[in-house]
Amino acid sequence: MSHSDVGAYVLGILDDRDSAQFENHLIDCLRCQRELQDLSAMPDVLDGVRLVNGPPLPTPGALVLQHTLADISVARRKRTRTLWASGIAAAALIVLLPLGTAGLMKGPAQSDGNKVPTELVRGETVEATSPIGAKGKVVLEPTNYGTRLTGWFSNMNGPATCQWVVISKKNEAQVAATMYVPPGKTDVPLEIHGAAPFPKSDIARFELRPMTGGSWITIPVS
Amino acid sequence: MFATALRLTGNDRQWAEDVVQETLFRAWRNAGKLDRQPGLLQAWLLTVARRIVIDTRRSRGARPTEVGPLAMDVAAGHNEEERMLSALVVSEALSQLTPEHREALQQTYLQDRTVNEAAEYLGISPGTVKSRVYYALRALRRVLGESEGIR
């Protein structure tokens, strides 16, 4: 039994046996009693983050990476076996992979050249600045597959891999795009293209969520 | 106490009544000993009540109830904007923790995992998870203490 178990005890994440053990310790330990008081509001604080994060997304953690790698190796194997049959899949891989790599290596500073001027993107614009200063602007264009999205995000604290999440009025969350925010303050806005599987009228808000948790900015759609 | 239980159960009156009853039942043995410092008994009862709610939810196999704006506003007297704002402050505070500390909270409480489940998932010892959770909470508390206006 260690004094630092008080953290897990306050969050209610100890198993029954450990929890009972800690309670026995707590009765006679002034230090832990003080800590318990000090930390007792923390679960509420964390619940607040959970609430604003809305519905959980499937965690794109190690499992997704494994699946992706597995898909790629399956595709590779097929390609060598029956080259012509899987021509389309292979072509997709060949086209997609170099593009992805080039995009990563180029970085946002040099990608200004391919920037679509805002005026060329038609649709309704929503924008917001978070209390921590992050800025986001999104243009929404109705399409037959949902809503086409163009976003500009700046003043973020990189580096972080982020998900741009769309939350519908029915509280469904979908990823519009993922991106890598380079280190430092993002002075030049990152321009990101994405899509939502909802009509514009069904979209409640956008969030930019670093994969490490939390949300950098929320952009409400009225 | 009942108001707290109501909030924890997402405004389920019947469930909240059960939680209060169960909390008092579990607490009666130790209550006398934890009444020495002002506020301690209350903090402890809150912890016990939360534990009971979490246990019930686990056995039901349900995810945490998303507290509706109405329940939240009534309970805390907050409006939607204030709620968003404080949540953003907390997100920002979380982002200031070390990756290990942030992950410890992310993979336990925020993913509804126990210490042992998280330890298995992360491939580290339960002791390490517990100590990271502890230092993460302390750090979060400190960061939030520095930024004004939160609790």
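Just so we're on the same page: letters track the sequence lines, and every chain starts at 1.
For A:Pro210, no part lies near chain B; criterion is any non-hydrogen pair under 4.5 Å. Interface remark: B:Leu105 contributes side-chain atoms only to the contact with chain A (heavy atom separation under 4.5 Å). For chain A, no part of B:Arg26 is nearby; none of its heavy atoms comes within less than 4.5 Å. For A:Ser19, the part lying under 4.5 angstrom from a heavy atom of chain B is the side chain only. Contacts between B:Val48 and chain A at a heavy-atom distance below 4.5 Å involve the side chain alone, from C-beta outward. If you measure heavy-atom distances from B:Ile54 to chain A, the contacts under 4.5 Å come from the side chain alone.
The greatest number of non-hydrogen atom pairs below 4.5 Å with chain B, out of A:Asp15, A:Val10, A:Asp18, is found for A:Asp15. By number of non-hydrogen pairs under 4.5 angstrom with chain B, the leading residue of A:Gly12, A:Ala8, A:Pro43 is A:Pro43. Heavy-atom pairs under 4.5 Å with chain B were tallied for A:Ser4, A:Gly7, A:Ser2; the largest tally goes to A:Ser4.
Counting heavy-atom neighbours within 6.0 Å of B:Gln21 CD, excluding the residue itself, gives a total of 12 or less. More than 12 heavy atoms of other residues, nucleotides or ligands lie within 6.0 Å of CZ in B:Phe2, so this atom counts as buried by the packing criterion. More than 12 heavy atoms of other residues, nucleotides or ligands shown are found within 6.0 angstrom of CD on B:Glu100.
A distance of 10.0 Å separates CZ of A:Arg34 from CG of B:Leu40, quoted to the nearest 0.5 Å. In this structure, OG1 on B:Thr47 lies 12.5 Å from CE on A:Met42, to the nearest 0.5 angstrom. Distance check: B:Thr108 OG1 to A:Leu11 CG gives 6.0 Å after rounding to the nearest 0.5 Å. A distance of 8.0 Å separates OG of A:Ser40 from CD of B:Gln42, quoted to the nearest 0.5 Å. A distance of 10.5 Å separates CD1 of A:Ile13 from CG of B:Asp112, quoted to the nearest 0.5 Å. Atoms CG and CG, on B:Leu8 and A:Asp44 in that order, are 7.0 Å from each other to the nearest 0.5 Å.
Taking the side chain as every heavy atom from C-beta outward, A:Leu46 and B:Leu110 approach each other to under 4.5 Å. Contact of the B:Arg50 side chain with the A:Asp47 side chain is registered, since non-hydrogen atoms from C-beta on lie closer than 4.5 Å. Within the 4.5 Å cutoff, side-chain heavy atoms of B:Trp44 are placed close to those of A:Glu23. Residues B:Ser91 and A:Trp216 are not in side-chain contact: their nearest non-hydrogen atoms beyond the backbone lie 4.5 Å or more apart.
Under the ring pair (Phe, Tyr, Trp, His ring centres under 6.0 Å) criterion, A:His25 pairs with A:His3, A:Phe22, not counting sequence neighbours.
Between the side chain of B:Arg141 and the backbone N or O of A:Leu39, no donor-acceptor pair lies under 3.5 Å.
Residues of residues 131-139 of chain B lying under 4.5 angstrom from chain A, judged on non-hydrogen atoms, are B:Ser131, B:Val133, B:Tyr134, B:Leu137, B:Arg138 by number.
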query: Do A:Leu14 and B:Thr114 pass the side-chain contact (heavy atoms from CB on, under 4.5 Å) test, and can you show the C-alpha distance, the side-chain angles, and the key distance before you say yes or no?
result: CA-CA 6 Å; A:Leu14 287 174; B:Thr114 64; over 6 Å; no

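A salt bridge links B:Arg51 with A:Asp16; the closest basic N to acidic carboxylate O contact falls under 4.0 Å.
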